Structure formats: structure tokens, C-alpha cells
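Structure first, commentary second.
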Amino acid sequence: MSETETPPFRYTAALAGEIELRWQAYWAENGTFHAPNPVGELADPTHPRAGAPKLHVQDMFPYPSGAGLHVGHPLGYIGTDSYTRYKRMAGFNVLHPMGFDAFGLPAEQYAVQTGTHPATTTEANVERYRQQLRRLGLAYDERRSFSTTDPEYYRWTQWIFLQVFNSWFDPEQGKARPISELIASYEAGERGTEWAELTPVERRKLIDAHRLAYMSEAPVNWCPGLGTVLANEEVTPDGRSERGNFPVFQRSLKQWMMRITAYGDRLIDDLDALDWPEPVKLMQRNWIGRSRGAHVDFPIDGGHIRVFTTRPDTLFGATYMVLAPEHELVESVVPAAWPEGTKDAWTGGHATPAEAVAAYRAAAAAKTEEERTADGKVKTGVFIGAFAENPVNGVRIPVFIADYVLAGYGTGAIMAVPGQDERDWAFAEVFQLPIIRTVEAPDGFQGAYTGEGPAINSDWLDGKGVAEAKAAMIAWLEENGKGTGATTYRLRDWLFSRQRYWGEPFPIVYDETGLPVALPESMLPVELPDVDDFSPRTFDPDDADTEPETPLSRKKDWVQVELDLGDGLKTYTRETNTMPQWAGSCWYELRYLDPHNDKVLVDPENEAYWMGPRTPGDPGGVDLYVGGVEHAVLHLLYARFWHKVLYDLGHVSSFEPFKRLFNQGYIQAYAYQDDRGFYVPAEEVVEREGGYFYGDQRVTRSYGKMGKSLKNIVTPDEMCDQYGADTFRVYEMAMGPLDVSRPWETRAVVGSQRFLQRAWRLVIEEETGAVRVTDEPLDPKTRKVLHRVIAGVREDMDELRFNTAIAKLIELTNALTPLPVVSREAVVPLVLMMAPFAPHLAEELWGKLGNEGTLAYADFPVADPAQLVADAITYPVQVNGKVRGRVEVAPDTPEAEVREAALAAVAEALVGREPKKVIVVAGRLVSVVV
RNA sequence: GCCCGGGUGGUGGAAUGGCAGACACGGCCGCCUUAAAAGCGGCUGCCUGACAAGGCGUGCGGGUUCGAGACCCGCCCCGGGCACCA
């Protein structure tokens with residue numbers, strides 16, 4: 001192999017590398033991608049896009065892991081980079097920032113293992129990510145980059161926490177208001193006389209109970225293996241931690257909560273205003289789980305049982321009741337002996353109701369979530385010996401406990417209507433309970449009927465449809481004081497505290513009463529102190545009977561603090577929990593807008609410009625937000641919640657953070673295992689004889705994610721070394737639509753390199769480096785191709801269809817390649833259109849074509865409509881659906897003439913048969929029916 | 001079980017109800033080369049056929065239409081989400 005044989009000016013990986021480094025340096029030195037703000041430090045009235053229409057495009061920022069990037073990670077980043085480079089050239093003032101979600105478990109766990117401070121690890125990882133991203137030529141405004149771990153950033157995370165802490169949700173107005181207004185309202189006596197009689201401490205407790213961030217002793221998800229509690233969203237359906245897959249137990253613990261449930265309605269309703277993938281909206285709706293129905297009170301000795309039902313219309317069919325095993329009313333209503341009318345099947349074989357209840361409760365408590373749901377539809381339960389009264393007809397109905405009723409949903413009690421509910425039907429069969437249909441089922445229908453139909457066996461509801469009967473029953477319940485219309489949610493309040501080290505400290509201290517006191521803004525940020533031991537106390541993953549202990553609590557000299565919070569110098573105790581990883585990503589889209597502002601979170605003018613609503617009903621928000629679908633519920637729900645609080649309190653003008661969401665697909669890879677099951681390096685496996693071989697060994701192939709242990713990682717750095725960043729970018733964008741997952745195939749990358757080499761060769765003579773381009777006009781036929789490509793590329797770019805845009809650019813390049821002369825008329829627009837995908841190469845060629853500086857703000861080509869009209873149209877002519885001939889006619893040929901010509905063209909195929917029908921589709925084809 | 005996506009060549013993928021398979025990978029053939037690589041050119045859905053040509057083709061079965069990969073009905077398979085939420 002001798003270098004003399006490769007033409008010296010060929011676009012090789014080495015040349016690409018040289019060009020890329022040079023342009024990356026140019027962009028950085030010249031601040032090419034700085035986006036001007038309307039006001040403040042980043043304002044720049046002289047900027048070419050100052051005052052232009054804005055476009056705010058954002059990627060879900062990464063957690064900078066120690067492993068660095070693989071080729072799958074930057075797919076979305078390259079997509080948004082290509083899109084924003086295009087939009088910038090098309091005249092928009094583009095904001096495309098990137099930051100790092102740097103708090104979190106891996107850095108902490110690494111710290112525990114090695115003793116390295118998480119800040120050190122995190123900083124190194126962030127630096128590595130920055131270099132990898134820079135190498136890909138991503139056009140970020142680097143002035144706006146930050147890590148969530150920067151004290152100057154988390155100062156504002158803490159500030160938002162204080163906003164949430166210092167507000168309450170006013171159900172009348174349906175929005176958050178400052179807590180001071182609630183206090184004023186109590187003081188003014190607008191909320192009863194209670195206030196005047198309370199002690200100061202009682203008043204504080206009353207107010208604290210209204211805050212949007214509050215402490216509560218409540219059942220939480222305790223994960224001994226991680227040594228921390230987790231939010232519901234972080235627990236998998238089989239009762240394990242999403243991170244680490246450890247068992248999770250229900251424990252009652254005092255923890256910080258955020259009142260996200262107050263926003264349930266708005267979080268559902270405002271989805272309608274968003275341009276999001278329908279599946280993501282659906283997942284959020286399901287997670288919030290709003291059900292409308294009624295609360296109904298069933299009298300029972302010494303009180304009543306309140307149930308929630310979505311089917312108040314079926315009340316006449318309620319033949320028994322079920323309480324969750326843990327329901328607090330159970331003790332007080334269990335009688336000493338089984339009452340008359342107790343069936344044998346109801347007692348579980350126990351001598352007394354108290355024994356039966358105790359036994360069932362013990363059995364239910366011993367089951368894990370996994371076991372309970374694995375039992376599926378087999379219903380268990382036990383009669384508690386008490387009867388309640390159906391409030392609509394006074395019928396005496398037995399009361400059971402059963403684990404198919406969940407303590408945490410609704411009121412933890414149900415009225416059972418086996419006729420119209422499958423679960424109740426199954427239970428009624430096991431326990432020989434009566435079934436009364438109250439909705440007429442279709443003839444021959446078996447089992448519980450949940451469909452539409454007229455009410456039957458329901459006295460004054462008979463004949464009414466389901467919706468009408470529901471409304472009538474709710475009205476009746478309310479008139480007679482037996483119940484009310486009600487809405488419940490599956491969504492629980494957000495458990496916000498974690499017993500970890502590597503997170504934002506709470507800006508909260510406790511005084512001598514043990515009640516929380518907010519630190520004033522002037523004391524922010526509360527910096528994370530250095531500690532010797534970063535680890536929370538972790539336990540045997542299966543030992544539920546353990547207590548969390550936070551790393552910060554061991555730092556005694558930090559926990560005890562002397563402060564003057566208005567009452568003179570006093571000793572306070574700091575909150576030692578930290579915030580969950582989601583906190584930093586809940587609002588970062590706002591900080592990009594005004595990253596260095598130390599007066600406010602974001603200047604209102606800058607927020608209104610980049611994210612404010614443009615038309616009535618417009619939610620505002622980021623114009624395009626690209627990321628993986630795995631954040632459909634967690635991050636996106638929390639971020640929407642915080643944004644709405646900030647909106648209510650007047651800090652932002654947009655009521656949603658992300659107007660348009662796009663879920664990019666994943667790049668996956670094949671992995672290969674030998675017959676012992678060991679993974680072998682994927683890059684060394686070859687395909688032959690219809691199988692896969694590693695050396696002489698036959699190996700089996702599997703498909704999935706890239707991972708170190710699967711030995712199938714390909715990194716962007718390798719791709720840059722072997723092909724150059726531009727080739728890598730073009731390949732990732734050309735391999736398929738952005739939202740589709742697909743397998744990585746290194747050997748296919750060469751196709752993109754060939755494309756760039758051909759384009760390069762159009763401009764540059766490979767042997768001499770001379771510019772080949774001439775001022776010769778383009779021939780008319782190729783000119784039409786050019787303009788058709790321009791029109792198509794613009795359309796594709798606007799729709800994020802980068803793969804087809806690149807295909808059109810290849811077609812144009814291939815059309816120009818065989819031409820005897822290279823015309824500037826075609827090459828200039830080609831280079832400009834390639835710039836979003838292959839920016840370094842395009843910049844270089846742009847310079848060779850005699851231009852100064854960067855093309856980042858050059859006008860993206862516009863097609864000449866006159867060139868989009870075809871010279872002639874070739875009509876395929878179908879006979880009975882098969883193409884049997886073609887005719888070429890001028891574009892404006894009248895239909896009758898086209899028909900004539902077409903019939904003549906297929907005369908042979910018609911062999912004298914008379915056409916029954918001739919359809920001429922203008923500009924498309926002719927269809928003849930015989 | 002319920003709810004979403006999705007099934008097109010050897011592969012990744014194109015196709016406002018209008019010539020299925022753009023573009024690319026791979027494969028085959030050729031040019032260049034002492035040779036190889038790179039590059040360039042041609043062919044490449046399947047079947048029959050020397051060619052010309054013909055037949056069959058978008059998971060399966062029906063339907064609507066002059067015309068269906070696309071629309072409707074009923075299935076099958078793959079991926080994802082939810083799963084006793086009253």
C-alpha cells in the first residue's frame with residue numbers, strides 16, 4: 001500500500017479530519033452559533049439573526065456516564081443539529097443548546113467504590129462528552145451550556161423548590177398561589193374562626209399541610225438495596241426498583257412530597273394543546289388515570305363506608321361490599337361471632353370474624369406485589385361478619401375484605417356489582433353471592449356486562465342509558481345526602497426526597513419545633529458539603545425492616561447550623577435528604593434561555609421571546625424537543641408540573657414546557673455468542689455459508705442494545721477516525737427515518753463516504769487540488785433536476801425526513817458527476833444543501849468556491865417554480881390495471897388528446913376490443929378498461 | 001386480557017389511492033492496475049426464458065375502486081405500554 005497512489009486531494013478520512021478540526025476551531029473562535037437574546041448579557045443587535053423569527057430546538061440532555069458515547073447516543077443530536085442548521089440558513093434565529101444532567105446514582109456508586117469525589121468523576125465525564133460532541137461538529141451555543149451539578153445552576157433548582165414550598169393550590173382558581181395569600185386569608189377570618197384559636201405551632205402545621213411541597217408520614221417505596229425511597233414512577237410493575245432491580249417495600253416513612261395530584265386535571269387537559277406523539281399522551285393520561293364517578297356512603301352499624309364508583313348507575317345491582325384488607329374501618333365493625341346468614345364459603349374456615357380477618361390480613365401482607373398480581377383473576381377474600389345497607393333500596397349486603405381492592409386507590413372500598421364488573425363477577429362466583437343485572441345485556445350474553453344498554457331492575461332508573469342513569473343517580477345521591485359526584489386519580493403525589501449524597505440539598509432547615517423553615521433566597525445556593533463517605537446506608541435488598549439513613553446526616557457540623565432567619569441567631573438543623581435526579585431536568589429548558597442571569601431564573605423578555613405563546617391557545621414552550629420515549633411519563637410529567645407552577649406564580653408566560661415532542665428511534669446492534677454462551681467481539685465476526693463465524697467457530701447472533709458486556713459497542717470516535725465526522729453524520733441521517741429504530745452496520749458507512757467523495761470531486765481536482773467549477777450555465781435538463789431536488793429537500797427538511805433529503809442530494813450529485821463541465825450554478829446550491837448534514841465539508845467547499853467566512857447564515861437555496869414544470873409528461877397507459885404502453889405529450893395537452901394518443905399506444909393490447917371506460921388522471925396515467 | 005406502533009428485495013429503507021422497490025449496503029460482471037485496495041461503469045425482487053417476452057409479487061383471507069403497500073372488515077406475527085385503578 002503506497003500513499004502515492006491515492007490522489008493527494010481525495011476526500012479521505014485524514015483530509016476530513018484535518019478539515020473538521022479546522023472548522024470546529026473556526027466556529028468556536030468566531031462564536032458562529034451564538035444565538036442573540038432580546039435583552040441582557042447575550043443580546044446582540046448586530047447579529048445577522050437579531051429580531052428574526054425564533055426557533056427553539058432542544059435535545060433531552062444526557063447523563064454523562066463514564067463509558068462515553070456510542071454511535072446510538074448522538075442520533076437525535078445529529079438530527080436536531082441538521083434541522084437547526086437548515087432552519088438557521090432559512091432565516092430563523094435558532095436556539096440549540098446542550099447541557100448535562102449530571103447528578104445521579106452512577107457517579108455516586110463509583111465514588112463509593114473508589115473514594116473519588118462524584119464531582120471529580122462527573123467533571124471528567126462531562127469534559128469527555130463535550131469533546132466527543134464537539135468532534136461531531138454539533139452547532140451548540142456553548143455559552144449556554146451547563147451541568148445540573150453547577151452550584152450556579154442548582155441554586156435555581158433550589159429557588160424553584162422554595163417557590164413550590166411557598167405556594168398552595170387554590171381549588172377555586174385551579175392554580176397555585178403564594179402561601180402568604182392563604183395565611184392572609186386565614187388571618188382575615190375568611191376561612192372560619194379556627195385560626196384565632198390555634199397556637200402558632202398549630203398554625204404553622206395547618207399552613208404546611210397546604211403547601212405544594214410538604215412533608216408527610218405516608219406509605220412510601222422503600223428500597224433497602226439502594227438505601228433510599230423511590231417515587232411511584234421509579235418502581236416497576238413487579239415491585240422492583242427501575243435502577244438496580246432491587247425489591248421495593250411499602251413502608252410508612254416521613255418524606256418530602258410534591259402535590260402533583262392538584263395538577264391532575266390540567267396535566268391531562270393540556271395534553272390536547274400539545275403536538276406530541278399520541279402514544280406518549282396516552283401513557284400520561286393512563287398514568288394520571290382520571291376517573292369520574294361518585295362517592296357513595298353505605299350505612300353500617302355506627303357509621304358508614306364510603307366507596308368510589310365510576311358506575312353509580314348500577315347501584316341497584318350492588319349485592320356486597322369489599323374493603324381493602326388494610327382498611328381502617330375493619331376493626332370497628334368486626335363482630336364477636338358470625339352473624340346469622342353467614343355462608344360456609346365466606347368464613348375461610350375460621351371460628352370467628354376476628355380470626356378470619358387476622359388470618360387474611362396476615363396472608364395478604366406476606367404476599368409481594370408480584371405474587372398478588374400473579375394470582376391474576378383468582379379471587380380471595382373473607383367475610384368480616386358485618387352487613388351494610390344499600391343506600392338506594394335499604395337492602396342488607398355483606399361486607400368482605402379482599403386484596404383485589406387496593407388501599408391506595410379511591411377510598412379503599414368498593415360496592416361490588418357483579419352484573420356489570422368482571423372482577424366482582426369472579427368474586428361473586430367464588431363466594432356464592434347474588435348477581436343482579438342492572439343493564440340489559442344482549443341476548444345470550446354470559447358474564448359481567450360492561451357495555452351500553454338500558455337500565456333494568458333499577459326502579460326509577462329503568463330504561464335510561466348508562467350516561468343518563470349515571471347523571472340521574474348522582475343528582476339523587478346529592479339531593480338525599482347519600483353521596484356526591486367525584487373524580488379520582490391514579491396519580492399519587494410525587495415523593496421528592498432521596499437518601500443519597502449526589503443530589504441537590506434542600507434549602508430547608510428545622511427549628512426547635514421540628515417544623516421546616518425555608519431559607520431565604522439570599523442564602524442560596526445551599527452547597528453540597530464535602531463528606532468522607534458518599535454512601536447511604538444500604539441493606540440486604542430483601543430486608544424490609546430497615547430504616548433509611550442519609551449520607552449528609554453524618555456530617556454533623558454541617559447539619560447543625562447557626563443562622564439568623566429573622567428571629568436573631570438561632571440553631572437550626574438542616575434537611576439531610578437530597579432531591580431526586582429528576583429535579584435538575586425539570587426546568588433546564590428555561591435556563592438555556594438566560595444561563596448566566598443571577599437576578600432571576602430567566603428574564604421574562606427572553607422567556608417570552610424563546611418560549612412564549614404566539615397565538616391564542618398556544619401553550620408556548622420549546623418548538624421541538626427530541627428524545628427517547630423512555631421518558632414518556634417520568635421526566636416529561638415532572639417537568640410539565642414544575643412549569644405549570646412557575647406559570648401560575650407568574651415566572652413564565654408559557655403554560656407548557658415542550659410544545660412539540662419527537663421520539664427518536666434507537667440504534668441497536670447485533671451481538672454474537674459462541675456455543676459456551678460467551679460474547680465474542682462483534683467486529684471480528686464474519687458472515688459466510690449462511691451463518692456467522694468468529695474465526696472457525698460458528699456463533700449465534702442476537703439483536704439488542706449496545707453494551708460493553710455484549711462486546712458490540714461502536715463509538716463515534718472510531719467512526720470519526722475511520723471516515724470523518726461528516727461521513728458519520730450523513731450515514732446516521734441517511735440510514736432511515738429519525739423515529740425508527742434500526743441496526744447499526746459499520747460496513748454500510750462507506751456508502752456515505754462515497755457520496756461525500758463524489759461531491760468533493762465535483763469541486764476539487766483530486767490530483768492537483770484545483771477547483772474544477774466553471775461559470776458555464778447548467779444544461780436545461782439538469783437545471784430541472786436541480787430545482788426539483790431543491791424543492792424536495794426543503795420539504796423533507798421541514799418534515800424531519802432527513803433520509804429522503806439525503807437521497808435527493810445523492811441523486812443530484814450523481815446527475816452532475818457524468819457531466820463534462822461542473823457548473824457553479826448547480827454546485828453552489830448543492831454545497832449549501834449539504835451543509836446541514838456535512839457542515840465541515842460544506843464550509844470547506846464554500847471557501848474553495850471563493851466565499852469568505854462561514855456559510856452558517858447563507859441563504860438556503862430556493863427552487864424556481866418555473867423550473868418545476870416538466871417539459872413533457874410520459875403517461876403510462878394501463879389496460880385493466882396493467883401497464884401496456886406509454887405516451888409522451890406536452891404538459892398542457894388537453895385530456896381528449898391524451899386519451900387519443902393513449903388508445904393509439906395500446907391498440908395492439910386492445911386487439912380490437914372496445915374500451916368500456918378510459919380514465920385520464922392529469923399528469924399521472926391513463927387507465928383503459930375493456 | 002386491554003391500548004398503541006409496525007410487518008415491502010439478501011440488508012437499511014423509498015413510494016399525495018396512480019409505473020412498487022427511490023437512495024444506500026451487500027452480491028455479480030467489467031474498466032483501471034503487474035497485482036490488490038481505492039475509484040469508475042453496468043446488472044441485481046422472485047419464477048420461466050438464450051433473447052424477446054411473460055407470469056407472480058408489499059404477513060394471510062375477503063372487500064371497496066378503472067386502479068390498493070396505502071382505504072374498509074376478519075385473522076396471524078413482531079415490538080412497546082398498561083394490567084385487579086372500582
Side-chain angles (χ1 to χ4, degrees), chain A residues 1-2 5-7 10 12 237 277-283 285-287 289-291 293 307-311 314 322 324 372-373 375-379 402-406 408-417 420-424 426-427 488-491 629-630 632-633 663 687 690 730-731 734-737 739-755 757-758 761 766 792 801 803-811 813-814 817-818 874-884 886 915-930:
Chain A
M1 156 116 179
S2 86
E5 306 219 9
T6 301
R10 171 160 294 170
T12 57
E278 212 45 54
V280 175
K281 289 191 189 184
L282 197 67
M283 279 188 251
R285 284 194 194 101
N286 288 343
W287 187 263
R290 176 166 67 188
S291 303
V307 304
F308 174 75
T309 177
T310 57
R311 294 295 301 273
T314 64
V322 184
R372 204 178 60 77
T373 48
D375 289 345
K377 296 269 188 290
V378 183
K379 294 290 179 283
D403 65 3
Y404 84 92
V405 172
L406 309 174
Y409 183 77
T411 61
I414 62 156
M415 64 177 206
V417 187
Q420 275 77 229
D421 184 285
E422 283 163 22
R423 297 153 301 182
D424 296 346
F427 190 87
T488 64
Y489 303 85
R490 201 184 86 114
L491 180 70
V629 72
E630 71 272 18
V633 175
N663 293 127
E687 189 180 355
V730 168
Y731 175 64
M735 64 197 289
D739 55 349
V740 172
S741 295
R742 64 233 82 162
W744 178 260
E745 196 182 5
T746 297
R747 67 178 180 178
V749 178
V750 70
S752 299
Q753 187 179 34
R754 287 178 192 150
F755 161 49
Q757 282 177 339
R758 283 199 297 277
R761 198 155 43 225
E766 286 188 331
R801 292 190 306 244
N803 54 327
T804 51
I806 290 171
K808 290 179 174 82
L809 294 173
I810 294 173
E811 282 183 74
T813 304
N814 292 350
T817 298
T874 304
Y875 281 90
V877 186
Q878 295 182 344
V879 178
N880 287 349
K882 298 219 180 286
V883 179
R884 297 296 179 189
R886 289 163 203 287
K916 287 199 193 106
K917 202 168 176 184
V918 180
I919 298 151
V920 179
V921 185
R924 284 289 179 184
L925 55 44
V926 182
S927 184
V928 182
V929 189
V930 293

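Atom set for the values below is all heavy atoms of this structure, side chains included, hydrogens, waters and symmetry mates excluded. Note that this is a predicted model, so its numbers are computed, not measured. Letters A, B, ... are given to chains in the order of the sequence lines, protein chains preceding strands, and every chain is numbered from 1.
The side chain of A:Thr804 lies closest to B:A22, out of B:G18, B:G55, B:A22. Residue A:Arg884 has its side chain nearest to B:G54 when only B:C25, B:G54, B:A38 are considered. The side chain of A:Pro737 has B:G13 as its nearest neighbour among B:G26, B:C84, B:G13. Listed nucleotides: B:A24, B:C25, B:A86. Nearest to the side chain of A:Ile810: B:A24. Listed nucleotides B:G39, B:G12, B:C66 differ in distance to A:Pro743; the shortest reach to its side chain belongs to B:G12. Closest to the side chain of A:Arg742, from the set B:C66, B:A86, B:G13, is B:G13. Across B:C66, B:G26, B:A86, the shortest atom-to-atom separation from the side chain of A:Leu406 is found for B:A86. Closest to the side chain of A:Val750, out of B:A22, B:C25, B:A38, is B:C25. Comparing B:C82, B:C4, B:G13 by their nearest atom to the side chain of A:Arg490 picks out B:C82. The side chain of A:Leu925 sits closest to B:G18 out of B:G12, B:G18, B:C84.
Between A:Arg761 and the phosphate of B:C40, there is a side-chain N or O to OP1/OP2 separation shorter than 4.0 Å.
RNA chain B is contacted by both A:Ile806 and A:Thr488; A:Ile806 maps to the nucleotide lying nearer its 5′ end (nearest heavy atom per residue). The residue among A:Arg886 and A:Leu282 whose nearest nucleotide of RNA chain B is located toward the 5' end is A:Leu282.
Base engagement by A:Ala807 is indicated by at least one non-hydrogen atom pair under 4.0 Å involving a base atom. In this structure, A:Ser291 reaches the sugar-phosphate backbone alone: every heavy-atom distance under 4.0 Å involves primed, P, OP1 or OP2 atoms, never a base. Note on A:Val921: a base of the nucleic acid sits closer than 4.0 angstrom, heavy atoms only. As judged by a 4.0 angstrom heavy-atom cut-off over every strand, A:Val740 is placed among residues touching the sugar-phosphate backbone only. Using a 4.0 Å heavy-atom distance criterion, A:Ser752 is classed as making no nucleic acid contact. As judged by a 4.0 angstrom heavy-atom cut-off over every strand, A:Gln757 is placed among residues touching the sugar-phosphate backbone only.
You'll find a donor-acceptor pair under 3.5 Å spanning the side chain of A:Arg924 and the base of B:U16, going by distance alone.
Taking the six-membered ring wherever Trp is involved, the centroid distance between the rings of A:Trp287 and A:Tyr489 does not fall below 6.0 Å.
With A:Asn803 contributing its side chain and A:Met735 its backbone, the two residues share no donor-acceptor pair below 3.5 Å.
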